[in-house]
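Structure record follows, encoded as structure tokens.
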Amino acid sequence: AQSVTQLGSHVSVSEGALVLLRCNYSSSVPPYLFWYVQYPNQGLQLLLKYTSAATLVKGINGFEAEFKKSETSFHLTKPSAHMSDAAEYFCAVSVFNDYKLSFGAGTTVTVRA
Amino acid sequence: DAGVTQSPTHLIKTRGQHVTLRCSPISGHKSVSWYQQVLGQGPQFIFQYYEKEERGRGNFPDRFSARQFPNYSSELNVNALLLGDSALYLCASSPPPGLKAKNIQYFGAGTRLSVL
């Protein structure tokens, strides 16, 4: 079975500062990895995905993530935080031919002016 | 194109009652998955349907059931509601299987269920 662990349930950053959200995965076969964002009272929006192509993945809203097999990690970064980035972020894992997504517990991001 | 649509958006029920939640997938998508998101936690997988057949089931009791219709829309049913069933229920649809599908799931806005 696959699983992900998100380190840090809350992250607070200043506007314009680096955003770094950590995700480590566990999978016995090559994984597919995803980051989703959830704004208050809304569903999940796909930010980016790793599906065994380039290890550095660029997503929407200036976010990117790097797949590191040796570290079983898929950390999410954004060079400069914006107030609109305040939301909850979820890392998720799946494997080929299995549409089930296994989510982490989430990281809440707050952005200080 | 319309995204995944879910109805109703909010629902209040009392313990012991039954509830039906509805989901319409993105046009062309034949797979629908259901997730439960309890406040403060990540979504938990409940069911996945593809071409009207159940493909997977998470660790949920038999009070939870689902079905998929010929137009690929889906219903999630929960019987004998408990207080612990209060959650956001999310539906997701996936493009047809293939090299490009890559298990990508697109989520609706969810149905907020409160059990009193």
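Proteins come first, then strands; the chains are lettered A, B, ... in the order of their sequence lines, and each starts at number 1.
The contact between Q37(B) and chain A is made entirely by side chain atoms (from C-beta outward), counting heavy-atom distances below 4.5 Å. Contact annotation for L46(A): only side-chain heavy atoms (C-beta onward) come within less than 4.5 Å of a heavy atom of chain B. With a 4.5 angstrom heavy-atom cutoff, Q38(A) touches chain B only via side-chain atoms.
Across S33(B), G56(B), S94(B), the residue that shares the most heavy-atom pairs under 4.5 angstrom with chain A is S94(B). Taking chain A as the reference chain and counting heavy-atom pairs below 4.5 Å, the highest number among G40(B), S31(B), P43(B) is found for P43(B). Across A92(A), G106(A), S94(A), the residue that shares the most heavy-atom pairs under 4.5 angstrom with chain B is S94(A).
Considering V4(A), N24(A), L48(A) in turn, L48(A) is the only one that fulfils the side-chain contact (heavy atoms from CB on, under 4.5 Å) rule with F74(A).
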* To do: Begin from the C-alpha positions of F45(B) and Y35(B) and carry the test ring pair (Phe, Tyr, Trp, His ring centres under 6.0 Å) through to its verdict.
  => CA-CA 5 Å; F45(B) 173 74; Y35(B) 293 81; 5.8 Å; yes
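Counting all heavy atoms, side chain and backbone alike, Y49(B) lies closest to Q68(B) at CB-OE1, 3.5 Å. The two residues K100(A) and Q105(B) come nearest to each other via the heavy atoms N-NE2, 4.2 Å.
Using a 4.5 Å heavy-atom threshold, the side chains of K13(B) and D85(B) count as separate.
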